Chemist: 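I'd like to ask you about the structure that follows.
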Amino acid sequence: MLARNNKLSVSTRCLSSALFLVFAMAFQGANAESWNIHTTGIIVNTNASSNSAASGGSDLDLNNDIRIAVDATYFFTPHIGLNVLATTLNFDVESAGTSLGSVSVLPPIFTLQYHFSPDDPKIRPYVAAGFNYNIFYNESGTLDALNAEVEDTIGWVIGGGADFMLTSNISLNADLKYLMFDADVTVGGVTADELDVDAWILGVGIGYHF
């Protein structure tokens with residue numbers, strides 16, 4: 001239990017750091033006219049499987065989730081920007097259709113974006129690619145009873161979206177990301193399975209450009 005509490009404490013500090021980075025980046029660049037910040041509702045649609053399923057094993061799966069996220073983009077040039085997205089997620093974990101409890105994850109996402117028309121007064125589309133670091137914590141239910149944990153792992157991200165300008169500074173943002181990662185699952189500290197996850201992350205929100 002102490003190890004899990006320490007992991008939760010680390011995850012909380014990481015989320016706080018990610019949020020601080022998002023807002024610090026934005027406010028430091030307030031006079032540079034090279035920043036976007038969004039508050040976004042996201043839907044995470046997962047397609048998960050486990051390596052042991054083929055041999056009649058645990059057949060792990062993750063359910064979908066809906067959350068609020070914040071992100072900021074710093075523009076190195078009018079066309080190229082670094083985006084950082086911060087949120088927390090919670091997934092129900094199933095094995096062959098039976099619930100095993102839930103697990104929380106802190107998945108800060110870092111992507112380089114290419115904006116095709118950064119000065120367009122109506123629509124500003126972009127594409128993106130990058131990575132994220134998935135920090136799993138707070139396993140509950142049967143997972144907790146079995147001392148099962150999902151190990152932290154790196155994921156790879158591609159995506160794109162567009163800002164639909166409502167005014168010169170305010171936009172309606174639509175964003176779609178594809179995230180993929182593999183994560184070891186341990187029971188009592190011993191690796192018991194590997195979880196393969198592909199996820200679509202759809203976000204719609206309001207952006208402020210300055």
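Since we're looking at a predicted model, the values are computed, not measured.
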Chemist: Which heavy-atom pair separates Met165 from Ser168 by the least distance, and what is that distance?
Modeler: CE-O, 3.8 Å
Chemist: Looking only at heavy atoms, which two atoms of Gly155 and Phe181 are closest? And how far apart?
Modeler: CA-CB, 3.7 Å
Chemist: Once rounded to the nearest 0.5 Å, what's the spacing between atom CG of Leu112 and atom CZ of Phe76?
Modeler: 6.5 Å
Chemist: Tell me whether the rings of Phe116 and Tyr114 are parallel (<30°), tilted (30 to 60°) or perpendicular (>60°).
Modeler: perpendicular
Chemist: Using the rule that two of Ile, Leu, Val, Met, Phe, Trp, Tyr join whenever any of their side-chain heavy atoms come within less than 4.5 Å, decide whether Phe131 and Val84 are in one cluster.
Modeler: yes
Chemist: Roughly how far, to the nearest 0.5 Å, is CG of Asn45 from CG of Asp198?
Modeler: 11.0 Å
Chemist: Which atom names give the shortest non-hydrogen contact between Tyr208 and Ile170, and what distance separates them?
Modeler: CD1-CG1, 4.0 Å
Chemist: Does any donor atom in the side chain of Asp152 or Tyr137 lie under 3.5 Å from an acceptor atom in the other side chain?
Modeler: no
Chemist: How far does CZ of Arg67 sit from CD1 of Ile42, to the nearest 0.5 angstrom?
Modeler: 9.0 Å
Chemist: Among Leu202, Leu89, Asn64, Asn63, exactly one meets side-chain contact (heavy atoms from CB on, under 4.5 Å) together with Val44. Which residue is that?
Modeler: Leu89
Chemist: Can you find a pair of side-chain heavy atoms, one from Asn47 and one from Trp200, that are under 4.5 Å apart?
Modeler: no
Chemist: Identify whether Leu166 and Phe210 are in the same connected component of the hydrophobic contact network (ILVMFWY, side-chain heavy atoms under 4.5 Å).
Modeler: yes
Chemist: Can you find a pair of side-chain heavy atoms, one from His79 and one from Pro118, that are under 4.5 Å apart?
Modeler: yes
Chemist: Heavy atoms, side chains only, cut-off 4.5 Å: are Ile201 and Leu85 in contact?
Modeler: no
Chemist: Within this structure, what is the CG-CZ distance for the pair Asp120 and Phe164, rounded to the nearest 0.5 Å?
Modeler: 11.0 Å
Chemist: Quick check: closest heavy atoms across Ser102 and Asp92, and the distance to 0.1 Å?
Modeler: CB-OD1, 3.8 Å
Chemist: If hydrophobic clusters are built by linking Ile, Leu, Val, Met, Phe, Trp and Tyr wherever their side-chain heavy atoms come under 4.5 Å apart, do Leu82 and Ile37 end up in the same one?
Modeler: yes
Chemist: Output, in order, the C-alpha distance, side-chain angles, deciding distance and verdict of side chain to side chain contact (heavy atoms under 4.5 Å, CB included) for Phe110 and Val157.
Modeler: CA-CA 8 Å; Phe110 305 85; Val157 184; over 6 Å; no
Chemist: Pick out which of Val197, Val185, Val150 makes a side-chain contact (heavy atoms from CB on, under 4.5 Å) with Leu60.
Modeler: Val185
Chemist: Going by atom types alone, do Asp163 and His38 pair a side-chain donor with an acceptor below 3.5 Å?
Modeler: yes
Chemist: Examine distances only and state if a side-chain atom of Thr153 and a backbone atom of Asp182 form a donor-acceptor pair shorter than 3.5 Å.
Modeler: yes
Chemist: Can you tell me how far CD of Glu149 sits from CG of Leu143, rounded to the nearest 0.5 angstrom?
Modeler: 10.0 Å
Chemist: For residues Asn90 and Ser104, report the shortest heavy-atom separation together with the two atoms involved.
Modeler: ND2-OG, 2.8 Å
Chemist: Only one of Thr111, Asn83, Asn36 forms a side-chain hydrogen bond (donor to acceptor under 3.5 Å, both in side chains) with Thr73, so which one is it?
Modeler: Asn83
Chemist: What are the two closest heavy atoms between Glu139 and Ala148, and how far apart are they?
Modeler: CG-O, 3.5 Å
Chemist: So, taking the atom named CG in Leu100 and the one named OG in Ser140, what distance separates them when rounded to the nearest 0.5 Å?
Modeler: 10.0 Å
Chemist: For the rings on Trp35 and Phe75, is their centre-to-centre separation under 6.0 Å?
Modeler: no
Chemist: Do Ile66 and Leu62 land in one hydrophobic cluster if side-chain heavy atoms of ILVMFWY residues count as linked below 4.5 Å?
Modeler: no
Chemist: State plainly whether one hydrophobic cluster holds both Ile206 and Val204, where clusters connect Ile, Leu, Val, Met, Phe, Trp and Tyr through side-chain heavy atoms under 4.5 angstrom apart.
Modeler: yes
Chemist: Within a strict 4.5 Å, meaning less than it, do heavy atoms of the Val93 and Ser95 side chains meet?
Modeler: no
